[in-house]
Amino acid sequence: MAKLTQLKNKIGVAGPVVTIVMDGVGIGSHTEGDAVWKAYTPTLDMLMQKYPCVKLKAHGTAVGLPSDDDMGNSEVGHNALGSGQIFSQGAKLVSESISSGEMFNGAAWKDVVENVRSNGSTLHFLGLFSDGNVHSHIDHLKAMVERAKTEGVKKVRIHILLDGRDVGETSALDYVRPFEEFLDSLRSPDFDVMIASGGGRMKITMDRYEANWKMVEDGWHTHVLGEGRQFSSAEEAITTYRSELGVIDQDLPAFVIARGGVPVGTIDDGDSVVFFNFRGDRAIEISKTFEGDATFDKFDRVRVPKVVYAGMLEYDGDLHVPSRYLVSPPCITNTMGEYLAGTGVKQFAISETQKYGHVTYFWNGNKSGKFDDKTETYEEIPSDVVPFEQRPWMKCALIADRLIEVIKSGEYEYIRANFPNGDMVGHTGNYEATICSMEALDLQLARIIAAVDEAKGVAIITADHGNADEMFEYDKKKGAIKTNADGSPKAKTSHTLNPVPCIVYDNCYSDKYTVKTGDFGLANLAATTVEFLGYEPPKMWKEPIISLK
């Protein structure tokens, strides 16, 4: 592993350098719907007023996404924070591979297609059904369906996971209706294509970090076994569930499309399956389920069809999950974690289950495990398996408890933590709960910075993207908040395009550097961190936001 070079004019921080990621906490418009601004947060308010606060870009090209119309997300945000660099990310990688034809000329796609052609079987596509561009994009799905037809595939079934999180909370029919028209335009006597099953992304299939394998089990029974409530179409399922339950898209129960009581698209021996999400965290478990051998013990799969399975990307590069993938992921190298480990700097990373992988796996460039067991410690606080709006404080107090212990111990030079509140509760669309989540986080910030002062350390308080800062959908043309039929504000559950704060909390060493003004993004924080630690940033990293005197 490469090592860092010590600075001659180093700041000389005696205590630890602590990075605090307030997940999903952007800088909003300070209007109604901005739960960050609306919440009672005296500590955060004080920090932003009294200490240097730089606005960082956390979306679009600043984190490797195709355009600045693309929302950032926790995966690419932590990649940038941990690597100090900008790499082409999931959506952009896949789009480039499709447009160049590289995907369709690859071995994985050829395996998938040849399998169904030779067996006269079915090609299944499973994934998040929207254009949110965080986990997937419906245009990628459409391109693959079209290509399958041109390559002689006779039967395609599509299993849709409804979004309502990275897009409007009740926008499912805005995708289903035109997609059904798209399928109608392709359907012919030689090409049998239709939606076969579905359900909300927070109900089935897309669990992450093994927080709730029951979601994956329910998805397996829906997509593979064809078990569940039957409907004649996806539209009928969506409208029926909305009428009966009043829930938003991400929480819609599973459904199966059937004809005469028979599911139209179970997954059987000889079939091929493509999981078309490009983001890894919510794709790993279902991939393990399809590829797991007889030792798989997460739940009873009942029937395990022999299929050719492929993911859009390799979701875990160390564990090689899945074994077959359509597009190679970005090769993220020269990360801060690797350099610090090579230099012998002791590191500590902590979060609760929902974001534990972000301060470890994603932070380290999509790498499982540690660079050095001797100098790195990772700690996971188990998340509650309850709807986040019902417990909006989540595990922030327990994370803070442990973080304070570690700061006071003097054992670690660099510490990083993620508080998921603003993102996970923000995604529920519950404005009041999100305000509560911010107030809970603020209480912990006050405790943490006191410990940083006591240890004569420095804290970099930032976020990976916005979310809680914009909880209502806004009609730009009308210049007003969108409303529901009853006149209430229409909840926004997706991330935002807003910048995020980067607060440099330092009561001991501020005379030894200045905080720059300029155009910065999340990738600038790695160099900033190692300069506080007393080292020279590698040349390939983005510049630090501080200038040493």
message = Both conditions, 6.0 Å and 45 degrees, for the charged tip of K142 above the ring of F182: are they met here?
response =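 Judged by the rule, K142 and F182 form a cation-pi pair.
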Check whether any side-chain heavy atom of [X] sits under 4.5 Å from a side-chain heavy atom of [Y], and report yes or no.
| X | Y | result |
| --- | --- | --- |
| M394 | C396 | no |
| V63 | L522 | yes |
| V21 | L81 | yes |

key: Trace of the side chain to side chain donor-acceptor pair (under 3.5 Å) decision for E75 with H358   = CA-CA 7 Å; E75 176 187 19; H358 290 82; over 6 Å; no
Residues [X] and [Y] bridged, charged N to O under 4.0 Å:
| X | Y | result |
| --- | --- | --- |
| D163 | R201 | yes |
| D271 | K155 | no |
| R187 | D192 | no |
| R177 | E235 | yes |
| K214 | E217 | no |
| E473 | K482 | yes |
| K370 | D372 | no |
| R324 | E291 | no |
| D23 | K355 | yes |

From [X] atom [atom1] to [Y] atom [atom2], the distance as rounded to the nearest 0.5 Å:
| X | Y | atom1 | atom2 | result |
| --- | --- | --- | --- | --- |
| F362 | R279 | CZ | CZ | 5.5 Å |
| W220 | I204 | CH2 | CD1 | 13.5 Å |
| I195 | F231 | CD1 | CZ | 13.5 Å |
| Y175 | D131 | OH | CG | 3.5 Å |
| Q250 | L162 | CD | CG | 10.5 Å |
| L93 | L65 | CG | CG | 10.0 Å |

request  = Take N115 and S272, measure what side chain to side chain donor-acceptor pair (under 3.5 Å) needs, and give me the verdict at the end.
outcome  = CA-CA 7 Å; N115 177 61; S272 291; 2.9 Å; yes
Under a 3.5 Å threshold, yes or no: a donor from one side chain and an acceptor from the other, between [X] and [Y]?
| X | Y | value |
| --- | --- | --- |
| N467 | D423 | yes |
| Y315 | S287 | no |
| K490 | T170 | yes |
| T295 | D293 | yes |
| T266 | D268 | yes |
| S383 | E352 | yes |

query = Does the separation of the ring centres of Y378 and Y361 fall below 6.0 angstrom?
reply =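 They do not qualify: ring centres at least 6.0 Å apart.
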ask   = Under 6.0 Å between ring centres, would you say that holds for H223 and H124?
value =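 Aromatic pair excluded; centres sit 6.0 Å or further apart.
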ask   = Just one of R242, K203, R165 clears the salt bridge (charged side-chain N to carboxylate O under 4.0 Å, His left out) bar with D249, so which one?
value =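 Testing each of R242, K203, R165 against D249, the sole residue satisfying salt bridge (charged side-chain N to carboxylate O under 4.0 Å, His left out) is R242.
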request  = Scan K149, K154, R147 and name whichever one has a salt bridge (charged side-chain N to carboxylate O under 4.0 Å, His left out) with E151.
outcome  =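 Filter result, single survivor: R147.
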Closest approach of [X] to [Y] (non-hydrogen atoms, all atoms of both residues):
| X | Y | answer |
| --- | --- | --- |
| V359 | I350 | CG2-O, 3.9 Å |
| S121 | G270 | OG-O, 2.6 Å |
| M471 | G426 | CE-O, 3.4 Å |
| A62 | D68 | N-OD1, 4.4 Å |
| G26 | V500 | CA-CG1, 4.1 Å |
| G199 | F255 | N-CE2, 3.5 Å |

Backbone of [Y] reached by a side-chain donor or acceptor of [X] within 3.5 Å:
| X | Y | answer |
| --- | --- | --- |
| T528 | I545 | yes |
| N73 | V76 | yes |
| S351 | N418 | yes |

task = Go through the steps to decide whether I248 and T493 satisfy the test side chain to side chain contact (heavy atoms under 4.5 Å, CB included), and finish with yes or no.
result = CA-CA 10 Å; I248 60 178; T493 54; 4.1 Å; yes
message = Tell me if the CD atom of E236 is crowded by more than 12 foreign heavy atoms within 6.0 Å.
response =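 Yes, because the 6.0 Å sphere around CD of E236 holds more than 12 heavy atoms from other groups.
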request  = Please test M103 against H140 for side chain to side chain contact (heavy atoms under 4.5 Å, CB included), starting from the C-alpha separation and ending with a verdict.
outcome  = CA-CA 11 Å; M103 174 197 286; H140 300 158; over 6 Å; no
request  = Under the side chain to side chain donor-acceptor pair (under 3.5 Å) rule, what do H495 and H59 come out as? Steps first, then yes or no, please.
outcome  = CA-CA 10 Å; H495 296 169; H59 73 286; over 6 Å; no
key: Check against side chain to side chain contact (heavy atoms under 4.5 Å, CB included), I332 and N79   = CA-CA 8 Å; I332 299 178; N79 281 166; 3.6 Å; yes
task = Mind running side chain to side chain contact (heavy atoms under 4.5 Å, CB included) on F520 and K542 for me, showing each step along the way?
result = CA-CA 9 Å; F520 298 110; K542 293 291 183 179; over 6 Å; no
